[in-house]
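Before any comments, here is the structure.
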Protein chains: 2
Amino acid sequence: MLKVKKIAIDTEPENTVFLSKHCTSYRAEEFRALKKIEIHSQDQTVKNNILATLLIADDPSLVAPDELALGEQAFRRLALPEGSIVSIAQAQPPTSLDAVRRKITGEVMTADEIDAIIEDIANYRYSPMEIAAYLIASASFTTTEEVLATTKAMAKTGTQLSWESPIIVDKHCIGGVPGNRTSMIVTPIVAAHGLQMPKTSSRSITSPSGTADTMEVLANVSLSIDQMRNIVQKESACLVWGGRVNLSPADDVLITVERPLAIDTREQMVASILSKKLAAGSTHIVLDIPVGPTAKVRTQNDAVRLRKLMEYVSSEIGLVINTVFTDGSQPVGRGIGPVLEARDVMAVLRNMPDAPADLKARSLLLAGHVLDFDPALRGGAGRARAQELLDSGEALAAMERIIDAQGRTNETICPGNLTSEVVAPRNGQVTAMNCFRMARIARLAGAPMDKGAGLDLFKKVGDRVAKGEPLYRIHSCFSSDFQFAKAMAFEDAGISIDAIEVQESIST
Amino acid sequence: MLKVKKIAIDTEPENTVFLSKHCTSYRAEEFRALKKIEIHSQDQTVKNNILATLLIADDPSLVAPDELALGEQAFRRLALPEGSIVSIAQAQPPTSLDAVRRKITGEVMTADEIDAIIEDIANYRYSPMEIAAYLIASASFTTTEEVLATTKAMAKTGTQLSWESPIIVDKHCIGGVPGNRTSMIVTPIVAAHGLQMPKTSSRSITSPSGTADTMEVLANVSLSIDQMRNIVQKESACLVWGGRVNLSPADDVLITVERPLAIDTREQMVASILSKKLAAGSTHIVLDIPVGPTAKVRTQNDAVRLRKLMEYVSSEIGLVINTVFTDGSQPVGRGIGPVLEARDVMAVLRNMPDAPADLKARSLLLAGHVLDFDPALRGGAGRARAQELLDSGEALAAMERIIDAQGRTNETICPGNLTSEVVAPRNGQVTAMNCFRMARIARLAGAPMDKGAGLDLFKKVGDRVAKGEPLYRIHSCFSSDFQFAKAMAFEDAGISIDAIEVQESIST
């Protein structure tokens, strides 16, 4: 029996508790540090039992021998007042781990087993090592039936939205190409046309910006489900952060292990994306798969295999999907980082003459495919309709209404004022850009945490450059970030410049 | 720049540090709670950089904005005085993880890659999820060449003993059968003969007792390498705890993940056992593989596959190995738990008439195989020589000398005085015993933490029992353990009693 105490220790997203080495109710040596324990309220009417990671302390000011000290997350989730009496026990490993162990030995999991695993993961019952075991066992082989069952299981664990309109469209990009902010142009075009597009986006995980990060430069993106519903009712669309809506809590947990281990399997990607679309109530989806040597999908063969699996699972769960392969060989637009990308997006919507042509063309292509889902439009007429809505300013007006409805950002955020230009080391032609490298430089510069940090590109593949001519400008808000980004760009700027071919140089 | 502070928090075996949410030198939000950071001394002459798990605290009494508070393990390993100035950085994942990622996709690892992985693991550079990734990827397939390279790599990371004698014998049991304490009888027999046997044993991990736990009832087992050397020099043998000698630090880390995930592959078992024998300087080994439906190795087929792999790796690293399959269908001896097992061992060495016959027979068999390694003995004469050394009391005298040399335990530890007898539910014959179940009951009773806790068996397979007759006695030292063990034994005692066959019951 221990008394609950709150301590100001933050271990988001995990629960952490402290037990005294001289605990009066339990022998501390029976518990292993950094292992999970179960905490049970003594009040039988209370059901708030939680799991938490245990630390052993020998400091009575931190935790007395008759206390259990709870970090902020554990205290909030246990939801009992300080001084409440609780008991603890070593956490039993979740029974669904038996299926993971069988998976490790090569067996196929049933849909029921996958349901139990995903539910346990979403409820923080798996430790990171247990999640890793599940992911790696699945990475060695996963059947299409397992992918399907995983998708359904993940969609079931969180919020499930439903809408009145029979057609709810969405557009998703699998990522890997910096600056590719087409969602912020496609969504207002579709809204201006009148199809419903309740767009939820993620914040960046490993990239210099996610759509939610860039949209946040212009408007509030952290909306409740009710607020989101009202806006979609009035404006046909929204551009909000999906994390607040909690569409796939299991995916949010899985990603905490996938990211540090850099596991990114096709099967897990399909389950992650489609479970969120299913939970969001989407019916028709355009999926953008950029293909390029430094993008997430690197070969046409990989792209086709991903498309096939997306199409199979989509059809089984009743989603209409249209997959579009795009050029993933270089960044899209000029800006990389929230503020610089938002600038590009607004330039396209405002039909400004210097708006990035590649961002505009790609947005119109994708918007056209989304509009083609409208049964009222003649087949293939979507692209022209998208162009019309952009040229007329109707898409811009829709964007302004969405921004106002979500809550316009009051202050104008500027690009970071620590700047340095990366210049061409020789005369020649830009022959390649390394998306992965340039994303890392932009992140080192401070993106997306500092909205104004990132890269501003002056040249793209095919452009001729003279020695000393600027290729891009680094923007930072903090000196240490600025130094790191400059050092990395100096080592390898991520842009290949080759001498112009002989024949051509003779002709000039 | 942060000032080092020590706090009384115990997170053995991991390093843990606390950073203030209001840190003046770093933005706390750039660091993720429960992730690893690197700590660097500002003193360039100091090389004590360590990795530690980070927690964020909002309590100035725990950690001030200009401090980094180190838990006990981190403070000890950093080995800098309080107030020293350090810098921190997010830990870079070890580069050897690239090979683990390739392994996940199905590639075979090179010996150099395995060396780097094992070295990083031994130096705490892998997080539990990264270790799980390595283990699960290896569990799906591992080539014999990979097992060989892993064995060599694990032997290199810790202490490596060498001895003057050209023959250094050892005897190892892969485990899974409670009460199987043959090492404590084989070792003094071999010592009495004069072969050198510097026996290092483990403490229990999942069983009710390891050889080191049982030997500790009689003598000190935590000896330094020098002490061990002196004893072997004088007495030809010792029986010490291998953990103190640090023979395979990578294995000690791996086991912290293997155990909770219950991964126990043949390949990992071979690398773990043989790396320790190689590091211990053994040249000739008898390996005991008990086979039984509730033991670790459950079928003859599995036993043969394990033997083949043991033999292959042994021959490649220059170890002579003799594998013996033994009966793993029921516990060996009468006692399960340190004190009760030590009683059985001494009864055999003292040639007492009530000494457990199965423990004696098995010890003589294994000792005979060990003695057969002696070139001076006629081939196959080992068994008779072992019997002679036991019968004559020479083995007992050797054991008493080893106990005295290591440091005899002063107090006599008794079996736990909370006792309860588990009785036969019907007339019949004992037809099976569940090693796994009975081990769990003994552990719940308190073994091996409470030396006197465990089970004392009165019946073995084949014995006839009358309804109500005692099958075994539970011993506990603490009331809560006692209740748990009794409840589990009540649910299923782990002993099958079937009616005696009709024909036989007629004839009686």
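The CZ atom of B:Arg203 sits 7.0 Å away from atom OG of B:Ser222, with the distance rounded to the nearest 0.5 Å. Going from atom CG of A:Leu51 over to atom OG of A:Ser127 covers 10.5 Å, rounded to the nearest 0.5 Å.
Ranked by heavy-atom pairs under 4.5 Å with chain A, the first of B:Ile131, B:Val100, B:Asp58 is B:Asp58. If you tally non-hydrogen atom pairs under 4.5 Å between each of B:Gly71, B:Gly106, B:Pro128 and chain A, the highest count goes to B:Pro128.
Under 4.0 Å is where a charged nitrogen must lie from a carboxylate oxygen, and between A:Arg102 and A:Glu113 at least one such pair does. A salt bridge does not link B:Lys36 with B:Glu130: none of the charged nitrogens is closer than 4.0 Å to a carboxylate oxygen.
Using a 4.5 Å cut-off between heavy atoms, B:Leu62 touches chain A through its side chain atoms alone. With a 4.5 angstrom heavy-atom cutoff, B:Thr265 does not touch chain A via any of its atoms. With a threshold of 4.5 angstrom between heavy atoms, A:Asp264 does not approach chain B through any atom at all. Looking at B:Phe141, there are no atoms closer than 4.5 Å to chain A (heavy atoms on both sides), in backbone or side chain. The contact between B:Thr256 and chain A is made by backbone and side chain atoms together, counting heavy-atom distances below 4.5 Å. Neither the backbone nor the side chain of A:Thr105 has a heavy atom closer than 4.5 Å to any heavy atom of chain B.
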### Query
Can you check side-chain hydrogen bond (donor to acceptor under 3.5 Å, both in side chains) on A:Glu67 and A:Ser20, steps first, answer last?
CA-CA 7 Å; A:Glu67 287 177 336; A:Ser20 169; over 6 Å; no

### Task
Applying side-chain hydrogen bond (donor to acceptor under 3.5 Å, both in side chains), run through A:Ser96 and A:Asp120 and close with a yes or a no.
CA-CA 8 Å; A:Ser96 66; A:Asp120 282 337; 2.7 Å; yes

